[in-house]
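Have a look at the structure below, then the notes.
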Number of protein chains: 2
Amino acid sequence: MKLTSKGRYAVMALVDLARFDSINPVSLRDISLRQGISLDYLEQIFSKLKKNQIVQSIRGTQGGYVLSKKPNEIKLTNIFHAVDEKVKTVQCKKESKKGCNGKATKCSTHNLWDELETHINSFFEKKSLEDLLKNNNDQRI
Amino acid sequence: MKLTSKGRYAVMALVDLARFDSINPVSLRDISLRQGISLDYLEQIFSKLKKNQIVQSIRGTQGGYVLSKKPNEIKLTNIFHAVDEKVKTVQCKKESKKGCNGKATKCSTHNLWDELETHINSFFEKKSLEDLLKNNNDQRI
DNA sequence: ACATACCTGACTAAAATGGTCAAGTATAGA
DNA sequence: TCTATACTTGACCATTTTAGTCAGGTATGT
Ligand code: FES
Ligand code: FES
């Protein structure tokens with residue numbers, strides 16, 4: 001099980017944004033340089049963040065992005081959902097009655113994976129951007 | 001983040017094994033049929049489980065595999081470790097002082113992912129094969 | 001007008017995944 | 001002893017996912 005770069009980058013970029021957007025909108029170019037993330041890739045990510053009302057864009061010179069909400073209102077769940085970084089532990093379709101093997105009942109491990117998914121998601125629901133800012137106050141770049 | 005089939009299959013197969021091995025060694029062919037997992041793939045998985053002393057093999061006709069330990073002594077951690085289903089959340093090398101971006105310090109999200117990894121692993125350390133058997137006593141196939 | 005920076009969609013190299021295939025070896029039972 | 005069963009090993013491969021790149025746009029402050 002591993003976390004993909006898309007999810008990691010989204011959070012990294014938003015932490016960066018949260019730290020600097022109180023002064024001016026933050027351009028992706030700046031984030032790209034500070035965080036070492038490809039500019040083109042960031043654009044894809046921010047397009048999704050914008051669609052999900054996590055950031056707002058300001059076009060033109062001196063433009064950039066700003067958070068749409070306060071850092072304590074942005075949970076990791078929201079971010080991950082926005083960029084399609086989903087936690088998937090079961091093989092089967094959850095809604096279906098069928099098991100992952102195509103049989104009529106759920107397999108012997110289905111409940112376990114379902115518990116695991118809940119366990120992981122609870123972590124993402126607890127953590128907000130604000131929590132991350134606290135941890136990094138002293139680590140200004 | 002998703003769980004791979006290798007990890008899922010390993011657990012499914014071991015639950016099957018735990019349920020039936022008290023009578024006779026269980027052949028991979030049987031597990032393959034009951035669980036709907038490719039026989040060739042199961043062989044790869046069991047080779048690793050054997051190397052890690054989770055199962056024992058008995059060759060020849062009527063042969064098969066048997067658990068090496070009691071179900072309550074086999075944690076998910078052990079199984080996952082055996083088949084290289086590892087939880088990886090950070091991008092960087094943990095031992096290194098360097099960050100994922102190649103910079104001198106760890107990135108602003110490093111601690112978060114590290115916490116997440118601990119959170120997930122704690123789930124695997126808690127759960128044993130025995131826990132799974134309990135849940136499925138009534139679901140004999 | 002022009003530089004900046006957002007916006008969009010198509011494309012792609014590389015890695016991981018989830019297997020298959022081939023050729024064995026060991027052993028129980030007829 | 002022969003043979004069927006079932007473990008053992010290693011190479012190979014198609015597909016999917018990932019992590020981007022590339023090539024064009026469009027909007028706007030100065
Ligand atoms: S994972 Fe849902 S039935 Fe197997
Ligand atoms: S994940 Fe470890 S430094 Fe970024």
Side-chain angles (χ1 to χ4, degrees), chain A residues 1-13 17 20-21 24-52 54-66 68 80 83-89 91 100-101, chain B residues 1-13 17 20-21 24-52 54-66 68 80 83-89 91 100-101:
Chain A
M1 315 197 64
K2 68 179 147 199
L3 188 68
T4 67
S5 289
K6 189 159 55 177
R8 201 189 343 265
Y9 287 168
V11 178
M12 283 174 75
L17 194 60
F20 294 103
D21 77 343
N24 283 313
V26 180
S27 73
L28 294 188
R29 194 178 138 277
D30 285 357
I31 297 178
S32 166
L33 291 172
R34 276 197 293 260
Q35 305 298 331
I37 304 170
S38 143
L39 175 59
D40 285 312
Y41 202 27
L42 272 179
E43 278 171 345
Q44 288 179 44
I45 292 169
F46 271 75
S47 149
K48 295 184 180 190
L49 292 175
K50 190 189 169 188
K51 274 187 195 127
N52 284 265
I54 290 172
V55 297
Q56 283 179 328
S57 66
I58 294 142
R59 303 186 70 151
T61 320
Q62 302 298 330
Y65 286 93
V66 182
S68 294
F80 278 11
V83 299
D84 304 311
E85 171 84 42
K86 45 201 155 205
V87 177
K88 183 174 179 186
T89 55
Q91 173 83 348
C100 53
N101 39 24
Chain B
M1 320 194 62
K2 67 180 148 200
L3 188 67
T4 67
S5 289
K6 190 158 53 176
R8 202 191 340 268
Y9 288 169
V11 178
M12 282 174 74
L17 195 60
F20 294 103
D21 78 344
N24 283 311
V26 180
S27 73
L28 293 188
R29 196 178 139 276
D30 285 356
I31 297 179
S32 166
L33 291 173
R34 276 196 293 262
Q35 305 297 331
I37 304 171
S38 144
L39 175 60
D40 285 313
Y41 202 26
L42 272 178
E43 278 169 346
Q44 288 179 45
I45 292 169
F46 271 75
S47 150
K48 295 185 180 188
L49 292 174
K50 191 188 169 188
K51 272 188 196 126
N52 285 265
I54 291 173
V55 296
Q56 282 179 329
S57 66
I58 294 141
R59 302 185 71 151
T61 319
Q62 302 298 332
Y65 286 93
V66 182
S68 295
F80 278 11
V83 300
D84 304 310
E85 171 83 41
K86 45 202 154 203
V87 176
K88 183 174 179 185
T89 55
Q91 174 83 346
C100 53
N101 39 25

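Heavy atoms only: backbone and side chains are in, while hydrogens, waters and symmetry mates are out.
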Do B:Met1 and A:Phe80 come close enough that some side-chain heavy atom pair is under 4.5 Å? no
Rounded to the Å, how far apart are B:Arg29 CZ and D:dT8 C1'? 18 Å
Taking for B:Asp40 and for A:Leu39 the nucleotide of DNA chain C with the nearest heavy atom, the one nearer the 5' end belongs to A:Leu39
CG (B:Asn24) and CD1 (B:Ile58) are apart, to the nearest 0.5 Å, by 9.0 Å
To the nearest Å, give me how far apart NZ (A:Lys48) and P (D:dA19) are. 12 Å
If you look at every strand shown and take non-hydrogen atoms under 4.0 Å, does B:Lys51 touch a base, only sugar-phosphate, or nothing? nothing
Is B:Thr4 touching bases, backbone alone, or none of the nucleic acid, heavy atoms closer than 4.0 Å? sugar-phosphate
Toward the 5' end of DNA chain D, which comes first, B:Lys2 or A:Tyr41, by nearest nucleotide? B:Lys2
Difference in axis direction between the ends of the helix from C:dA1-D:dT30 to C:dA30-D:dT1, five pairs, 10°: 10°
Contacted region of DNA chain C by chain A, from 5' end to 3' end of the hits, cut-off under 4.0 Å to heavy atoms, spans C:dA3 to C:dA16
Rounding to an integer number of Å, can you tell me how far A:Gln56 CD sits from D:dT28 C1'? 17 Å
CG of B:Leu49 versus C1' of D:dT8: gap in Å, rounded? 14 Å
Would you check if B:Val55 and B:Val66 make a side-chain contact, meaning some heavy-atom pair closer than 4.5 Å? no
In whole Å, I'd like the distance from the CD atom of B:Gln44 to the P atom of D:dC12. 14 Å
Report yes if the side chains of B:Leu42 and B:Ser32 come closer than 4.5 Å at any heavy-atom pair, otherwise no. yes
Can you tell me the distance, in whole Å, between the NZ atom of A:Lys88 and the P atom of D:dT18? 11 Å
Do any side-chain atoms of residues 3-13 of chain B form donor-acceptor pairs under 3.5 angstrom with protein atoms, and if so which ones, sequence neighbours left out?
{"residue": "B:Thr4", "atom": "OG1", "partner": "B:Glu85", "partner atom": "OE1", "Å": "2.2"}
{"residue": "B:Arg8", "atom": "NH1", "partner": "A:Thr89", "partner atom": "O", "Å": "2.2"}
{"residue": "B:Arg8", "atom": "NH2", "partner": "A:Gln91", "partner atom": "OE1", "Å": "2.9"}
{"residue": "B:Arg8", "atom": "NH2", "partner": "B:Leu3", "partner atom": "O", "Å": "3.4"}

Which residue lies toward the 5' end of DNA chain D, A:Arg8 or A:Gly60, if each is placed at its nearest nucleotide? A:Arg8
Report the distance from atom CG of B:Leu42 to atom C1' of D:dT5, rounded to the nearest whole Å. 17 Å
Within the structure shown, what part of the strands sits under 4.0 Å from B:Val26 by heavy-atom distance: base, sugar-phosphate, or nothing? sugar-phosphate
Hey, does A:Tyr65 have a side-chain heavy atom less than 4.5 Å from the side chain of A:Leu17? yes
How is B:Tyr65 classified with respect to the nucleic acid when contacts are heavy atoms under 4.0 Å: base, sugar-phosphate, or nothing? sugar-phosphate
Tell whether B:Arg59 reaches the base of D:dT8 with its side chain through a donor-acceptor pair below 3.5 angstrom. no
Taking C-beta and beyond as the side chain, do B:Ile54 and B:Ser68 meet within less than 4.5 Å on heavy atoms? no
To the nearest 0.5 Å, what is the distance between CD on A:Gln56 and CG on A:Asp21? 10.5 Å
Establish, with yes or no, whether the OP1 or OP2 oxygen of D:dT18 is under 4.0 angstrom from a side-chain nitrogen or oxygen of A:Ser5. no
The reported gap from NZ in A:Lys48 to CD in A:Glu43 (rounded to nearest 0.5 angstrom) is 14.0 Å
Interatomic distance where CD belongs to B:Glu43 and P belongs to D:dA11 [whole Å]: 16 Å
Residue pair B:Phe46 / B:Ile31, side-chain heavy-atom distance below 4.5 Å: yes
